[in-house]
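Residues: numbered from 1 along the sequence shown.
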Amino acid sequence: MGGIGIVNNPRSRRNRRHPGIARRLRERLGDDGEVVDASTPEELARAVERFRAAKIEVLGVNGGDGTGHYVLTAFARAYGAEPLPKLLLLRGGAMNTVAHGHHIRGGPDSILREVLIRRRHGYPLRTVERDLLCVEADGGPPRFGFIFGTGVVVTFLEAYYQGDSPSPLTAAALLVRAVGSALAGGRFAASLTRREPLRVVTDGDEWPDASYLALVAGSTPDIGFGFKVFHRCAEQPGSFHAVGVTATPLQIALALRRIHAGRPWKRRHAQDEVTRDLLVEAERLRFTIDGDLYAAERRVRVSTGPGIEIVLP
């Protein structure tokens, strides 16, 4: 088997603040693999071609959730039916929700060091198996990631990205402000939580509700800040957890402890299903994949994508 191929995003937040990270990764990696910079589609395409030809065993991503989403999309499209390399998330961005949800801590250099210690001593890598989500908007080319969301998830991210320096701290402050506003019936929560009329179908069955605070789906338990919204994501192999939130902002604010603990959704708060196929129809639907924002004219289909093993340092 091949070694470790790391896609480094020089434009990620942590890499911009600490431009020496890529050099340290190259020094740490040595003969066990290669680090390739990729901040444009053309550079990423060359990295995919290079690493696929080398038959790498582990694909490292030095960036955040958005970088991971772009890299996985490029690799999944190129590999097709071939098994994907194991995925090593190095937490090099402003948003590292997928890594955090798998208890991956530390910076890129320390994460890589732990993995190399195991490889160089001949120990098998610790991994967890996940399925990627395959997201197609209006019949366009598929994109791949772990978390899909509409509604309040999108408006929260839009408010988050409006700040001068998006970071976990600013996201936490925004969440606290939103919860406080919801408890007080304030305007800020109201601006984030407008309901969207959606037609939702899972595995051929149409959902009864007509509008949602948010519709989300995930193949990893954590949606962010430790909230285990998708606690049923591994319940059935080849499926993911879809949740349509119908509760009021106040009801959600009061249920945050329950949601954080990953307890079952109450039907008066949400409909949730374990599914292989999710069809969403609406006019000008805004949605997110792993923190990146998109729009569809009419229809989005989310289905189970290829499986992948996430490396746990």
Side-chain angles (χ1 to χ4, degrees), residues 2-99 108-109 111-112 132-148 157 161 166 286-297 300 305-306 308 310-311:
I4 300 175
I6 297 177
V7 176
N8 176 64
N9 179 9
R11 297 182 181 178
S12 75
R13 179 175 177 269
R14 179 172 289 192
N15 288 333
R16 291 199 309 269
R17 292 178 59 187
H18 306 283
I21 288 178
R23 174 183 54 79
R24 292 197 297 274
L25 291 177
R26 289 185 173 94
E27 292 172 352
R28 176 78 65 187
L29 194 56
D31 295 333
D32 285 278
E34 184 179 5
V35 179
V36 174
D37 291 339
S39 57
T40 66
E42 293 76 20
E43 291 174 342
L44 178 55
R46 288 193 292 269
V48 173
E49 183 179 357
R50 187 178 186 89
F51 288 157
R52 188 181 179 198
K55 297 182 178 180
I56 59 170
E57 177 189 6
V58 177
L59 168 63
V61 178
N62 185 29
D65 291 330
T67 300
H69 155 54
Y70 271 97
V71 171
L72 286 169
T73 294
F75 272 79
R77 288 176 179 176
Y79 274 63
E82 296 178 35
L84 290 167
K86 296 178 177 66
L87 177 63
L88 176 61
L89 299 169
L90 295 172
R91 293 178 53 91
M95 186 179 296
N96 301 286
T97 302
V98 179
D109 188 52
I111 294 171
L112 180 61
L132 293 174
L133 301 181
C134 174
V135 183
E136 299 168 281
D138 297 320
R143 296 183 175 95
F144 298 87
F146 293 96
I147 299 171
F148 165 86
L157 287 172
Y161 291 137
R286 296 177 301 158
F287 65 96
T288 175
I289 308 173
D290 292 354
D292 280 0
L293 298 175
Y294 298 97
E297 290 295 330
V300 175
I308 196 166
I310 297 178
V311 177

Inset, instruction - For D290 and I147, indicate whether the former's side chain and the latter's backbone hold a donor-acceptor pair under 3.5 Å. - result: yes
Inset, instruction - First locate atom CZ of R286, then atom CG of L157, and finally report the distance between them rounded to the nearest 0.5 Å. - result: 10.5 Å
Legend entry - Reported OG1-to-CG distance for the pair T67 and D292, which is rounded to 0.5 angstrom: 8.0 Å
Legend entry - Partners meeting ring-ring contact (aromatic ring centres under 6.0 Å, His included) with F148 (sequence neighbours left out): F287
Legend entry - Distance (rounded to the nearest 0.5 Å) between I308 CD1 and L87 CG: 4.5 Å
Legend entry - Residues in salt bridge (charged side-chain N to carboxylate O under 4.0 Å, His left out) contact with E43, at least two apart in sequence or another chain: none
Inset, instruction - Could you name each residue pair satisfying ring pair (Phe, Tyr, Trp, His ring centres under 6.0 Å) that touches residues 42-64, not counting sequence neighbours? - result: none
Legend entry - Gap between atom CG of L133 and atom CD1 of I289 - 0.5 Å precision: 8.5 Å
Inset, instruction - Please identify each residue that fulfils side chain to side chain contact (heavy atoms under 4.5 Å, CB included) with P108, with sequence neighbours left out. - result: R14, I21, L25, N62, L90
Legend entry - Listed once per pair and sorted, the salt bridge (Lys or Arg N to Asp or Glu O under 4.0 Å) pairs that draw on residues 69-83, sequence neighbours left out: R52-E82
Inset, instruction - Identify, with sequence neighbours excluded, every residue that meets side-chain hydrogen bond (donor to acceptor under 3.5 Å, both in side chains) alongside T97. - result: D65
Legend entry - Residues forming a salt bridge (charged side-chain N to carboxylate O under 4.0 Å, His left out) with E27, sequence neighbours excluded: R23
Legend entry - Gap separating the CG atom of N96 from the CG atom of L89, nearest 0.5 angstrom: 8.5 Å
Inset, instruction - Would you please name every residue forming a side-chain hydrogen bond (donor to acceptor under 3.5 Å, both in side chains) with Y294, sequence neighbours left out? - result: H69
Legend entry - Contacts of type side-chain hydrogen bond (donor to acceptor under 3.5 Å, both in side chains), residue R26, not counting sequence neighbours: D37
Legend entry - Closest heavy-atom pair and its distance - A47, V36: CB-CG1, 3.9 Å
Inset, instruction - For D138, enumerate each residue passing the side-chain hydrogen bond (donor to acceptor under 3.5 Å, both in side chains) test, keeping only those at least two apart in sequence or located in another chain. - result: none
Inset, instruction - Quick one: pull up CD1 in I6 and CG in L112 and give me the separation to the nearest 0.5 Å. - result: 4.5 Å
Inset, instruction - Start with the C-alpha gap between F146 and L132, add the side-chain angles, then the distance that decides, and say whether side-chain contact (heavy atoms from CB on, under 4.5 Å) holds. - result: CA-CA 5 Å; F146 293 96; L132 293 174; 3.5 Å; yes
Legend entry - Pair L88-I111, side-chain contact (heavy atoms from CB on, under 4.5 Å): steps then yes or no: CA-CA 9 Å; L88 176 61; I111 294 171; 3.9 Å; yes
Inset, instruction - Taking all heavy atoms of A38 and all of V7, pick out the closest pair and write down the distance. - result: CB-CG1, 3.8 Å
Inset, instruction - Before giving the answer on side-chain contact (heavy atoms from CB on, under 4.5 Å), spell out for L293 and Y161 the whole-Å C-alpha distance, their side-chain angles and the decisive distance to 0.1 Å. - result: CA-CA 10 Å; L293 298 175; Y161 291 137; 4.1 Å; yes
